[in-house]
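Shown next, in structure tokens, is the structure this report addresses.
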Amino acid sequence: MIRMLPAGLAWIGRHGTAALAVSIFIGMAVPALSAYLRPYLPVAVFSLLTLAFLRVDQNAIRQRLRRPALLVGALIWMMLGAPLLTYLAIEFSGLAALGPDVVLALYISTAAPPVMAAPAFIYLLGLDGTLSLALSVAALIVTPLTAPFVGELMLGPSLPLSVGGLAVQLSMLLAGAFVLSAVFRKLAGPERLARSSLHISGLNVLLLLFFAIAAMDGVAASFASKPLYTLGLTALTFGLALIQISLSLIIFAPASREDAYSIAHTCGTRNMGLMVAAFGGTLPEFTWLWFAVGQFPIYMLPLMLKPFVRIFCRQNAKTVTQQT
């Protein structure tokens with residue numbers, strides 16, 4: 001059994017995308033397991049962050065930092081522009097009248113950094129994930145500064161934690177994961193880490209499976225008791241993700257189409273689990289359901305948008321060829 005474990009992790013790492021697509025449905029199919037795992041969701045988030053930092057390709061990030069203008073612009077848009085635009089939409093559309101739970105849901109959907117699996121999704125689509133990786137790491141670093149500021153602006157006294165408390169919780173999560181990953185990196189060494197890339201991918205998939213199952217707590221019951229309401233809420237999470245992707249594509253149209261799409265998809269896949277972990281794993285009922293069904297676009301959009309990406313980036317390649 002012990003000898004088979006590395007081979008099993010490697011196999012999961014090779015077939016991770018299929019496993020991830022199935023994982024959210026497992027959580028719905030086994031609601032008792034979701035309820036049991038829900039209290040451990042912050043542990044899953046911390047473990048995923050540790051693996052994400054462990055897998056960071058420092059050379060790839062250095063290459064992007066040599067020409068930082070696009071990265072800085074994308075970071076400002078993602079961590080300040082998109083959430084501030086959401087705040088203005090809330091203020092001028094009257095969404096605030098729906099209550100703080102709705103505003104909190106929109107807050108965690110736009111103020112959170114991207115999921116650290118975003119570069120993997122970009123690679124899955126056949127694109128270069130280097131820009132997405134650099135952007136994801138940079139967004140994680142600035143989150144303890146930007147998220148409390150945006151939270152105070154959007155929610156004020158309705159924020160589940162004080163501004164200082166949220167900054168401290170986020171900083172502790174990120175700093176703890178970074179230090180632990182540095183220890184693992186030192187103990188293993190670069191060569192052993194390189195040889196174990198598939199095993200780390202497999203472990204990452206298992207943790208994402210754990211996270212997805214825990215996040216699905218209450219979703220099956222909501223679909224059973226309020227199917228149209230839950231479907232409508234799910235459609236809204238897809239809509240918000242697609243709006244963020246579309247606006248990002250428009251804003252970064254002057255860049256290459258591949259870079260523009262990398263930024264857009266990274267912006268549309270927010271790590272709401274990090275915010276939930278910072279709040280101690282507790283959210284109002286509506287916000288938790290939003291967070292739970294919000295995992296569907298994260299896991300499903302890469303497959304749904306693959307035909308669009310092929311056409312979008314192929315046209316860019318043709319244009320470049322004609323110009324040269």
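One-based numbering along the sequence shown.
Cluster annotation: Leu95 and Phe92 are assigned to the same hydrophobic cluster (Ile/Leu/Val/Met/Phe/Trp/Tyr, side-chain heavy-atom contacts under 4.5 Å, transitive). Hydrophobic clustering (ILVMFWY, side-chain heavy atoms < 4.5 Å, transitive): Leu135 and Ile250 are in distinct clusters. Linking Ile, Leu, Val, Met, Phe, Trp and Tyr whenever their side-chain heavy atoms come within less than 4.5 Å leaves Leu145 and Val137 in two separate clusters. Hydrophobic cluster membership is shared by Trp77 and Leu88, with clusters built from Ile, Leu, Val, Met, Phe, Trp and Tyr side chains linked at under 4.5 angstrom. Hydrophobic clustering (side-chain heavy atoms under 4.5 Å, transitive across Ile, Leu, Val, Met, Phe, Trp, Tyr) keeps Leu170 apart from Val179.
For the pair Asn271/Pro114, no side-chain contact is recorded, criterion being any heavy-atom separation below 4.5 Å from C-beta on. Between Ser132 and Ser136 there is a side-chain heavy-atom pair separated by less than 4.5 Å. Taking the side chain as every heavy atom from C-beta outward, Ile141 and Leu174 never approach each other to under 4.5 Å. Val103 has its side chain out of reach of Ser158: every pair of non-hydrogen atoms, C-beta onward, lies at least 4.5 Å apart. Annotation: side chain of Leu85 is in contact with side chain of Leu247 (closest heavy-atom distance under 4.5 Å). At least one side-chain heavy atom of Leu41 sits less than 4.5 Å from a side-chain heavy atom of Val45. Using a 4.5 Å heavy-atom threshold, the side chains of Trp288 and Arg38 count as touching. Leu305 has its side chain within reach of Ile245: a pair of non-hydrogen atoms, C-beta onward, lies under 4.5 Å apart.
The other residues sharing a hydrophobic cluster with Ile76 are Val72, where clustering joins ILVMFWY side chains under 4.5 Å apart. Cluster note: Val168 groups with Met172 through ILVMFWY side-chain heavy atoms spaced under 4.5 Å, whether in direct contact or through intervening members.
Atom CZ of Arg185 and atom CZ of Phe178 lie 8.5 Å apart (nearest 0.5 Å). In this structure, CG on Leu159 lies 7.0 Å from CD on Glu152, to the nearest 0.5 angstrom. Of the inter-residue distances, the one linking Ser256 atom OG with Leu131 atom CG reads 8.5 Å to the nearest 0.5 angstrom. Annotation: the span from Leu283 atom CG to Ile108 atom CD1 amounts to 5.5 Å, rounded to 0.5 Å. Within the model, atoms OG1 of Thr266 and CD1 of Ile122 stand 4.5 Å from one another, a figure rounded to the nearest 0.5 Å. Distance check, rounded to the nearest 0.5 Å: OG1 of Thr287 to CG of Leu104 gives 4.0 Å.
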Hey, can you pull the donor-acceptor pairs under 3.5 Å for the side chains in residues 233-240, sequence neighbours left out?
from: Thr234; atom 1: OG1; to: Thr230; atom 2: O; distance (Å): 2.8
from: Thr237; atom 1: OG1; to: Thr234; atom 2: O; distance (Å): 2.6

Please table the atom pairs, donor to acceptor, closer than 3.5 Å between any side-chain atom in residues 46-53 and protein atoms at least two apart or in another chain.
from: Ser47; atom 1: OG; to: Val43; atom 2: O; distance (Å): 2.9
from: Thr50; atom 1: OG1; to: Phe46; atom 2: O; distance (Å): 2.9

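The side-chain hydrogen bond (donor to acceptor under 3.5 Å, both in side chains) analysis of residues 167-181, with sequence neighbours excluded, yields no pairs. Listed by first and then second residue, the side-chain hydrogen bond (donor to acceptor under 3.5 Å, both in side chains) pairs that reach into residues 79-100 come to none, sequence neighbours excluded. The stretch residues 75-86 participates, sequence neighbours left out, in no salt bridge (Lys or Arg N to Asp or Glu O under 4.0 Å) pair at all.
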Kindly determine whether Leu153 and Leu84 satisfy side-chain contact (heavy atoms from CB on, under 4.5 Å), including the steps that lead there. CA-CA 9 Å; Leu153 193 64; Leu84 290 177; 3.4 Å; yes
Please test Met272 against Tyr107 for side-chain contact (heavy atoms from CB on, under 4.5 Å), starting from the C-alpha separation and ending with a verdict.
-> CA-CA 9 Å; Met272 293 183 281; Tyr107 165 65; over 6 Å; no
**Study point:** Gln244 and Met78: CA distance, side-chain angles, deciding distance, side-chain contact (heavy atoms from CB on, under 4.5 Å) verdict
**Key:** CA-CA 9 Å; Gln244 292 189 80; Met78 183 179 300; over 6 Å; no
Quiz item: For Lys186 and Val183, what are the C-alpha separation, side-chain angles and deciding distance, and is it a side-chain contact (heavy atoms from CB on, under 4.5 Å)?
Solution: CA-CA 5 Å; Lys186 186 71 174 177; Val183 172; 5.8 Å; no
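Scored by the ring-ring contact (aromatic ring centres under 6.0 Å, His included) test, Phe308 finds Phe312 as partners (sequence neighbours excluded). Qualifying side-chain hydrogen bond (donor to acceptor under 3.5 Å, both in side chains) partners for Ser262, counting only residues two or more places apart in sequence or in other chains: none. Partners of Thr110 by side-chain hydrogen bond (donor to acceptor under 3.5 Å, both in side chains), not counting sequence neighbours: none found. Checked against side-chain hydrogen bond (donor to acceptor under 3.5 Å, both in side chains), Tyr261 has the following partners two or more places apart in sequence or in another chain: His265. Checked against side-chain hydrogen bond (donor to acceptor under 3.5 Å, both in side chains), Ser109 has the following partners two or more places apart in sequence or in another chain: Trp290.
Leu140 and Pro144 make their closest contact through O-CD, 3.5 Å (heavy atoms, listed as atom of the first residue, atom of the second, distance). In terms of heavy atoms, Ala277 sits closest to Leu173 at CB-CD1, 4.0 Å.
A donor-acceptor contact shorter than 3.5 Å links the side chain of Arg270 to the backbone of Ala112. The backbone N or O of Ile263 sits nowhere less than 3.5 Å from a side-chain atom of Ser248 that would complete a donor-acceptor pair.
Between Tyr40 and Phe210, the angle of the ring planes goes over 60°, which puts this pair in the perpendicular group of the 30/60° scheme.
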